[in-house]
Amino acid sequence: MSETLTVRAALQLPALRGGAPEVVAGRDNLDRAIRWVHVVEVRDIASVLRGGELVLTEGRMFHGPESSDRRLIAELAERGIAAMVLELGANFKSVPRHLIDECQKRNLTLVALHLPVAFVDVTEAIHTQIVNQKITLLDHAQELQRQLTELVLEGGGIAEVLDALAAALGEPVIYERADGGFVYRALNGLTERDVTAGWELITRSVDGAPPFIEKHLTMDGAHDGRLVALGFGLAEGGVFDEAATVALERAAQVVSLLVIGNRRRDAVFASHGRHGGFLASLLAGSTEPYAAEARAIAFGFTPPVMIPIGIRRARHHRAATVASEDHQWRMVWRDVHSELENIGIPALIDEASTANPTLVMIGVEDVANRGRITDRVAQVVQDTAKRHLAESQAAVLSVGPAVHTWQAATDGLAVSVDALDGALHSPPRAWHDATDLDLDRLIWSLRDNPDLERFARLRLERLVTYDAQRHTQLVKTLQVLLEQHGQKTETARALHLERQSLYNRVERIQTLLGVDLDDPDARLGLHLALRVLSHIPSGQL
């Protein structure tokens, strides 16, 4: 991997070294990267700089009042230039004290040249160095992409690609899926525990977390997971160089193609009824309802009434790989099937990976038993999932209507799966009724409507801003008050507050929002706005 050209390295080039350079300010920033070189003798140059430039000057731009010179130094520092090189002789015999002081104040590197140099030679030498490094960088990137492509052509998958990337970077690499959790971790010689601990520090933005760079994977024009390189080997305060960023980008392209290819292959298999199981093929339309009945009879599944259920994991553990989670869920479904069989509830279960919903069809004797039997099934699933995953409410169940025919069962499966997204973003419960579009799922289905966010903003923005600026909990207080139907005594007890403290909070809320919380219509509007707040895409106002 090629290194970027730094100020320190540029001063060692013959074209600059011959000018007897002396660093008179900003010595701590000699390792800043140089993006380009400009020869500057006019005062209004700052507006056209983009950052990373090495500015060469004879000092003619510094013949104004001292205050004006200081302002110019401040503007150059704000633009993020790499350093300024001042050639002495033509305009200054020595560097003016106020320029040194202002550069020190702005943490800007200032270099004095005690002997004249040809600026054209300096710009040519540095630009040649930069261009050569860009070409070297491109060559490295092309070589890495060739290696990764060969890996894939030889049958390698995502794991092999990421291992090769980690070896090229000399650092561990993580592939995190869009909804959290690891698809794969290329450890590059570190232990799994070390990498997991570093990742935990990064996700929590803890001081001392290792530096990292990331590249989102793009599928069908949208972000779908990301590759992250963790800089365990970098010095304290160090950053990844441009070569590492380019390598990560090239690898992300290859991984994206692999993921897209895997998904298309799965879709082909599903269209031929050879992937995903019986219920998945029924839902995909590759098994006709009349054929489904015959297959169900072959499985011994012949109840008079069927209840379709879609199930997803409620959340992914950041430190768990897809393979380990899939294994845990296989254990869950094995035990669920066994326990339902023991208590006499017939069931068909299509196990799926953690990225897809698991489809379940249970049998009951009468439509009237739908609620009671579903309660029992949900308890079995939640208890079993808790036993294997060590967390409560690990599964989200979306339950379709009770039906008598396989045509209706197909439609019911579609309804239950369609309702899963809304169920995932609703308050936890044993199971969600896909036939009843409750308030939370209604809000979720309308989450992209700008009027919904505007509704919540008009009612809550001042309260949210007040909490953010003063670190108070007025939004939480309002939420609990509304959950307690405006009963202040119950609210104070739930918040563990003295009643007078609660009264003070309520008075502040009413003042900020301009409402009377004893008014039931006002409480209804605020309650709805709070529910919207938890569902809008931005997550906040």
Side-chain angles (χ1 to χ4, degrees), residues 177-179 183 219-220 224 259-303 305-314 316 322-323 325-338 340-341 345-363 374 377-378 380-381 384-385 395-403 405-424 431-432 434-435:
R177 57 193 159 198
D179 52 358
V183 176
M219 317 288 175
D220 298 325
D224 192 346
V259 173
I260 292 172
N262 290 342
R263 290 181 180 176
R264 287 179 177 174
R265 184 180 66 249
D266 290 348
V268 170
F269 288 160
S271 69
H272 288 82
R274 293 188 282 127
H275 179 75
F278 168 47
L279 298 179
S281 65
L282 183 67
L283 184 60
S286 54
T287 297
E288 296 293 338
Y290 70 85
E293 184 172 4
R295 291 186 63 180
I297 292 173
F299 293 143
F301 186 79
T302 58
V305 177
M306 297 172 287
I307 302 174
I309 305 175
I311 303 176
R312 278 191 185 275
R313 176 157 192 183
H316 296 293
V322 169
E325 282 196 293
D326 285 349
H327 174 73
Q328 289 175 320
W329 279 100
R330 282 195 295 272
M331 298 300 100
V332 169
W333 299 127
R334 180 200 64 190
D335 290 358
V336 166
H337 192 278
S338 176
L340 291 180
E341 190 175 55
I345 298 179
L348 297 175
I349 301 177
D350 264 13
E351 298 177 21
S353 67
T354 55
N356 299 307
T358 290
L359 305 179
V360 177
M361 191 74 70
I362 61 174
T374 301
V377 171
V380 169
V381 172
T384 307
V396 174
L397 285 73
S398 174
V399 181
V403 297
T405 68
W406 280 101
Q407 178 61 61
T410 303
D411 297 337
L413 279 172
V415 168
S416 63
V417 170
D418 287 344
L420 266 175
D421 277 344
L424 280 165
W431 57 278
H432 299 259
T435 65

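In what follows, residues are counted from 1 in the order of the sequence shown.
The OG1 atom of T302 lies 10.0 Å from the CD atom of E293; values are rounded to the nearest 0.5 Å. Note that CD of Q407 and CG of L282 are 8.5 Å apart. Values are rounded to the nearest 0.5 Å. To the nearest 0.5 Å, atom OG of residue S416 and atom CG of residue L359 are 7.0 Å apart. The CG atom of L420 lies 11.0 Å from the CD1 atom of I309; values are rounded to the nearest 0.5 Å. Taking OG1 of T358 as the start and CG of D350 as the end, the distance is 8.0 Å to the nearest 0.5 Å.
In plain terms, the two heavy atoms of A385 and W329 that are nearest each other are CB-CH2, 4.1 Å. Pairing each heavy atom of A347 with each of H337, the nearest pair is O-NE2, 3.7 Å. Summarising the geometry of P401 relative to P308, their closest heavy-atom pair is O-CD, 3.1 Å, with the distance given to 0.1 Å. Taking all atoms of both residues into account, the shortest heavy-atom contact from L413 to V360 is CD2-O, 4.2 Å. Here the closest non-hydrogen pair linking I307 and G400 is CG2-O, 3.9 Å. Heavy atoms only, all atoms of each residue included: R312 and P357 are closest at NH2-CD, 3.4 Å.
Side-chain N or O atoms of D335 include none that pairs as donor or acceptor with a backbone N or O of T384 at under 3.5 Å.
When the options I311, V336, V381, I362 are evaluated for a side chain to side chain contact (heavy atoms under 4.5 Å, CB included) with I349, the one that passes is V336.
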(message) Evaluate W406 against E288 for side-chain contact (heavy atoms from CB on, under 4.5 Å), listing each step before the verdict.
(response) CA-CA 9 Å; W406 280 101; E288 296 293 338; over 6 Å; no
